[in-house]
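All residue numbers in this chain count up from 1 along the given sequence.
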Amino acid sequence: MVLLTLQDVCKAFGLNVILKDINLTLKEGQRLGLVGVNGSGKSTLMKIITGDMAPDSGTVSLLRGTRVGLLTQQADITSELTVVEELSRVFEPLRRMEEKLRDLERQMAENHENAALLESLSSEYTRLTDRFEQAGGYEWPSRIQGVLAGLGFSKERREQPARLLSGGEKTRLCLARILLMQPELLMLDEPTNHLDLEATQWLEDTLRKYKGTVIVISHDRYFLNAVCDVMAELSMTHLTQYNGNYDAFMIQRRMNLERQLKEYAMQQKEIARQQAIIDRYRMYNREKSIKAAESREKRLEKIERIERPIDEAKVRFSFEAKRRTGDDVLMVQDLSKSFDGRVLFRHFSLHLRAGDRVAVIGPNGVGKTTLLRIIMHEIPADTGEVIYGANVDIGYYDQHQAGLTMTKTVMDELWDAFPRMEPDEVRSVLALFLFTGDDVFQKIETLSGGERGRVALAKLMLKKDNLLLLDEPTNHLDMDSREVLEGALDDFGGTLLTVSHDRYFINRVANRVVEMSRDGITEYLGNYDDYLEKKRLLEAGQEEIAAPSKTKTQLDKEKRVERLKRESVKALKARVGELEGLIAQAEERVAQLESDMADPATYQDAGKAASVARAHKEAQETLEALYDEWTETADTLQNSAQ
C-alpha cells in the first residue's frame with residue numbers, strides 16, 4: 001500500500017528555486033535513501049513531507065493515521081531529566097496504563113467480598129492487561145537500555161542529566177527517542193554523523209528490521225547500500241527515483257544520463273534534417289513547395305522538445321608515480337606513542353610491499369592520525385623506528401589541510417608549489433578540480449572544507465609520489481568526488497596507506513585492513529567486507545586469523561591473487577564501457593530504422609520495405625543481446641569488486 005505521495009511539489013526562497021515539479025511515491029515498508037549535493041534541497045524536502053514547511057505548489061499525501069518522526073542535524077535538549085528518564089517519557093501512556101493496573105489491583109483487594117464489583121473490576125483488569133502486553137508494557141525498560149547500548153551510551157552517561165550531553169550525544173539521544181517511538185514514517189537526516197562504526201552497524205541492523213517506512217539522508221554510501229531498497233536523487237531542482245540500493249542507483253543514473261543525451265542528440269539531428277528540407281522547399285519559391293514547407297514547419301513546431309540533460313560538474317583526476325619503488329616500501333617496527341601519560345598504542349608494526357593498499361581503522365582516540373604523522377616524521381615516536389625502502393616518494397593528504405596556506409589564493413597555492421608550470425597549465429589542473437574563472441583567485445581561508453580538500457588533492461596529484469598516506473581523504477568530498485577518488489586510486493600503480501572511517505571507500509581500495517583498538521593491533525587480509533566476515537568467524541570461535549601468522553611466501557601469493565583480482569576488475573570495467581558504446585551504436589541503428597519505417601516513402605518500394613523490416617528485427621535482437629551481456633558483466637563486476 002502507498003504510504004506517501006508527492007505530486008508536482010515546488011518550493012522557492014525568493015527568486016532561488018529549490019524544488020521544481022517533485023514527484024515521489026513510497027510504499028509501506030520501503031527504505032528510501034535521499035541523496036544530492038549540499039544545498040540541493042534535501043532537508044527542505046524532508047520538512048515539507050513532515051508539514052513543518054508548506055510547498056509553494058503541489059500536494060503531499062500521507063496515508064491516514066501515519067505518525068511521522070524526524071531526526072534533524074540540530075538537537076536542542078535542555079531537560080534536567082537523566083538520559084533514561086528523558087527516553088522514558090516516550091512510554092508515558094504505558095506508564096499510565098501500569099498505574100491504572102496497580103490501582104485496579106488495589107481496588108480488587110479492597111473489594112474482594114463484593115462479588116459484583118469484583119467481577120467488574122476483574123473484567124476491566126483483564127482487558128487493560130491485554131492492551132498493556134500488546135503495547136509492550138513489560139518490555140519498554142529493556143528496550144530503552146538496548147537502544148542506549150546500541151548507540152554507544154555508557155552506563156554512567158545514561159544516569160547523567162540530558163542537558164550535560166555534548167552536541168553529538170544529544171543528536172544520538174534524539175535518534176534513540178525516535179527509534180523507541182516507532183513512527184510509521186521514520187525520517188533521518190544524516191543519522192550516522194555522530195556514530196562510531198559499532199553504533200552505525202547497530203543502526204543498520206535496526207533499520208533493516210524496522211517495520212515502518214524509512215527516508216534517510218546520508219553521505220555514507222556503505223550505510224545506504226546496507227539499508228535502502230529505493231533511492232532518490234535531488235539534482236538541479238528535480239528529483240529522480242530509482243529502485244535498488246546505492247550501487248544499483250549509480251549504475252542506473254549513468255545509464256539514464258547516457259540515454260537522455262542520446263535521445264537529445266537524435267532529436268536535434270532530426271530537427272536539423274527537417275529544417276534543411278524546409279529550407280530547400282522554400283528555395284524553390286513555388287506555391288506547392290511553399291505549402292509543403294509550411295506543413296512541415298507546423299509539424300516541427302508540434303514536436304515536444306527534449307531539454308539537453310545537464311550533468312552536475314564533477315572533478316576529474318588520476319594518480320601516477322614518477323618512478324618505481326623496490327619491493328619493500330615501508331617498514332614500521334615496534335612503534336609506541338603516549339601523550340600526557342595516556343597510551344595511544346604500543347608495539348605497532350607494519351610492512352608495506354609495492355602495490356599494497358592498507359586501510360587503518362579503529363575508534364577515535366587510538367592514534368590513527370598520530371601514526372601517520374610519525375611515519376611522516378612530523379612527530380617522534382616514543383619507541384620503535386620507521387624505515388623507508390628504495391626510491392620511495394611520500395605524498396601525504398592531511399584531513400585538516402594544514403599544508404595549505406590560508407592567505408594564498410587557490411592559483412598561488414598551486415603555482416608556488418609547482419613554479420615551473422605555465423599559468424594556463426595551472427588553470428587547466430584547477431579546472432579538473434572545478435576551480436574555473438575567478439574561482440582560482442579565491443583565498444584558501446574562504447573555501448569550504450570540500451573545496452580545500454580538492455586543492456589538496458590537486459597538489460597531491462601533481463607531485464606524482466609512489467607512496468600515498470591519506471588521512472580521512474573522503475571526509476569533505478561529495479559522493480561523486482569520492483567515486484572519482486576511488487577510481488583514481490584503483491588505477492594508481494604505487495602503494496597506499498590510508499586512515500578512513502568510510503567503509504565504502506575501504507571496500508573499494510583496500511586489500512588489507514589494520515584494526516587499532518585499546519586492546520592492540522590486528523591485521524586482516526582483504527577489504528572491509530572481508531574484515532567483517534573474519535571478525536564474525538573469530539567471534540563464532542572458528543580459526544580464521546589474520547596476516548601476521550602467515551609466512552612471507554603465503555603473503556606474496558595472496559598479494560598476487562589480489563593483484564590478479566584487481567586486473568580482472570579492470571578488464572570487466574573495460575568490457576562494460578565497451579558494451580555501453582556498442583549499445584549506444586545499436587540504439588542509434590534501431591532508431592534510424594524506426595525512422596525509416598515511419599517514412600511513407602519506404603513503402604513505395606515493397607522490396608525496400610521488407611529489407612528495412614528485416615534489418616530492424618536484426619538490430620533489435622542485437623540490441624537485446626548487448627543489454628543481456630551488459631547486465632551479466634555489470635553484475636559480475638559488482639560481485640568481483642566486493
Side-chain angles (χ1 to χ4, degrees), residues 33-40 42 190-193 195 197 200 204 216-228 231-235 242 244-254 257 311-319 357-361 368 395 397-401 432-435 447-461 468-492 496-511 513 527-529 566 569 573 637-638 641-642:
L34 181 59
V35 297
V37 299
N38 293 337
S40 60
K42 301 186 294 296
E190 297 289 359
T192 63
N193 268 6
L195 302 182
L197 281 178
T200 300
E204 288 170 358
V216 59
I217 295 173
S218 181
H219 286 88
D220 187 332
R221 297 163 296 165
Y222 196 97
F223 179 83
L224 293 172
N225 257 354
V227 170
C228 299
M231 295 291 298
E233 181 186 30
L234 268 172
S235 176
Y242 302 84
N245 61 9
Y246 177 81
D247 282 342
F249 147 70
M250 288 299 292
I251 293 171
Q252 293 174 70
R253 183 178 73 159
R254 187 179 70 249
L257 179 62
D311 190 21
E312 290 174 328
K314 299 177 185 177
V315 296
R316 293 173 289 118
F317 64 93
S318 60
F319 292 115
R357 293 151 185 272
V358 176
V360 179
I361 64 172
K368 302 185 297 295
Y397 179 92
D398 174 12
Q399 63 168 312
H400 304 295
Q401 282 91 46
L432 296 177
F433 292 84
L434 307 185
F435 293 103
L447 301 181
S448 68
E451 289 169 332
R452 291 179 189 178
R454 298 204 305 268
V455 175
L457 285 173
K459 292 177 69 175
L460 191 63
M461 180 190 78
L468 299 183
L469 304 185
L470 309 181
D471 188 10
E472 299 289 4
T474 64
N475 255 11
H476 300 290
L477 301 181
D478 59 40
M479 285 184 167
D480 286 330
S481 297
R482 294 179 188 188
E483 294 278 344
V484 174
L485 172 61
E486 288 155 4
L489 292 174
D490 191 42
D491 294 331
F492 176 54
L496 172 68
L497 176 63
T498 180
V499 166
S500 181
H501 69 280
D502 186 335
R503 297 166 296 166
Y504 195 96
F505 172 79
I506 296 169
N507 250 8
R508 283 281 305 270
V509 306
N511 58 21
V513 173
N527 61 13
Y528 187 81
D529 283 344
R566 288 205 305 273
V569 168
K573 283 183 180 178
L637 173 60
Q638 185 173 342
Q642 290 177 349

Trainee: Say whether, by atom type as modelled, one donor and one acceptor occur between the side chain of Glu486 and the main chain of Val509 under 3.5 angstrom.
Mentor: no

Trainee: Give a yes or no answer on whether the side chain of Asp529 reaches the backbone of Asn507 with a donor-acceptor pair at less than 3.5 Å.
Mentor: no

Trainee: Looking at Thr192 and Ser218, what are the two nearest heavy atoms and their distance?
Mentor: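 The answer is OG1-OG, 4.2 Å.
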
Trainee: Any side chain to side chain donor-acceptor pair (under 3.5 Å) pairs touching residues 451-461, not counting sequence neighbours?
Mentor: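 Side chain to side chain donor-acceptor pair (under 3.5 Å) check on residues 451-461 returns Glu413-Lys459, Ser448-Glu451.
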
Trainee: Listed by chain and number, what are the side-chain hydrogen bond (donor to acceptor under 3.5 Å, both in side chains) partners of Asp471, not counting sequence neighbours?
Mentor: Thr369, Gln399

Trainee: Using side-chain heavy atoms (C-beta onward) and a distance below 4.5 Å, is Glu472 in contact with Val499?
Mentor: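 Sidechains of Val499 and Glu472: in contact.
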
Trainee: Quick one: does any side-chain atom of Lys42 pair with a main-chain N or O of Gly36 as donor and acceptor, under 3.5 Å?
Mentor: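 Present.
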
Trainee: I need the minimum non-hydrogen distance between Gly453 and Tyr397, along with the two atoms involved.
Mentor: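 Reported closest heavy-atom pair: CA-OH, 3.4 Å.
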
Trainee: Of the non-hydrogen atoms in Gly450 and Leu477, which two are nearest, and what is the gap between them?
Mentor: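 Heavy atoms of Gly450 and Leu477 come nearest at O-CD2, 4.3 Å.
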
Trainee: With sequence neighbours excluded, what pairs up with His476 under the side-chain hydrogen bond (donor to acceptor under 3.5 Å, both in side chains) test?
Mentor: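 In terms of side-chain hydrogen bond (donor to acceptor under 3.5 Å, both in side chains), with neighbours along the sequence ignored, His476 is linked to no residue.
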
Trainee: Got a second to check how far Leu234's CG is from Ile217's CD1, nearest 0.5 Å?
Mentor: 8.5 Å

Trainee: Apply the test side-chain contact (heavy atoms from CB on, under 4.5 Å) to residues Phe319 and Leu457: give CA-CA distance (whole Å), side-chain angles for both, the deciding distance (0.1 Å), then the verdict.
Mentor: CA-CA 10 Å; Phe319 292 115; Leu457 285 173; 4.3 Å; yes

Trainee: Answer yes or no: is there a side-chain heavy-atom contact under 4.5 Å between Phe505 and Leu489?
Mentor: yes

Trainee: Rounded to the nearest 0.5 Å, how far does OH of Tyr242 lie from CD of Gln252?
Mentor: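 Rounded to the nearest 0.5 Å, the CD-OH separation comes out at 7.5 Å.
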
Trainee: Minimum heavy-atom separation for Gly449 to Gln401, with atom names?
Mentor: O-OE1, 4.2 Å

Trainee: side-chain contact (heavy atoms from CB on, under 4.5 Å) between His501 and Thr200: does it pass, once the steps are laid out?
Mentor: CA-CA 11 Å; His501 69 280; Thr200 300; over 6 Å; no

Trainee: Are the side chains of Leu224 and Met479 in touch, meaning some heavy atoms are under 4.5 Å apart?
Mentor: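 Side chain of Leu224 against side chain of Met479, heavy atoms only: contact under 4.5 Å found.
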
Trainee: Does Asn511 use its side chain to pair, donor to acceptor, with the backbone of Arg357 at less than 3.5 Å?
Mentor: yes

Trainee: Distance check, rounded to the nearest 0.5 Å: Leu460 atom CG versus Asp398 atom CG?
Mentor: 11.5 Å

Trainee: Could you grab the distance from atom CG of Leu470 to atom CG of Asn475, nearest 0.5 Å is fine?
Mentor: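 One finds 12.0 Å between CG of Leu470 and CG of Asn475.
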
Trainee: Is there a donor-acceptor pair under 3.5 Å between the side chain of Arg482 and the backbone N or O of His219?
Mentor: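 Checking the backbone N and O of His219 against the side chain of Arg482, a donor-acceptor pair under 3.5 Å is found.
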
Trainee: To the nearest 0.5 Å, what is the distance between CD1 (Ile506) and OG1 (Thr498)?
Mentor: 7.5 Å

Trainee: Is the shortest heavy-atom distance from the side chain of Val484 to the side chain of Phe317 under 4.5 Å?
Mentor: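 SC-SC contact between Val484 and Phe317 confirmed.
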
Trainee: Within the 4.5 Å heavy-atom criterion, are Ser318 and Asp491 side-chain neighbours or not?
Mentor: no

Trainee: Find the distance between CG (Leu468) and CZ (Phe492) and round it off to the nearest 0.5 Å.
Mentor: 4.0 Å

Trainee: For Arg508 versus Gly487, what's the shortest heavy-atom pair and its separation?
Mentor: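 Distance-wise, the nearest heavy atoms are NH2-N, 3.7 Å.
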
Trainee: Could Arg221 and Asp502 be called an ion pair, given the rule that one side-chain N must be under 4.0 Å from one carboxylate O?
Mentor: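 Salt bridge: yes.
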
Trainee: Anything under 30° is parallel, anything over 60° is perpendicular, the rest tilted; go ahead and classify Tyr222 against Tyr528.
Mentor: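 Ring orientation, 0 to 90° scale: perpendicular.
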
Trainee: With salt bridge (charged side-chain N to carboxylate O under 4.0 Å, His left out) as the test, would you mind laying out the steps for Glu483 and Arg254 before giving the verdict?
Mentor: CA-CA 13 Å; Glu483 294 278 344; Arg254 187 179 70 249; over 6 Å; no

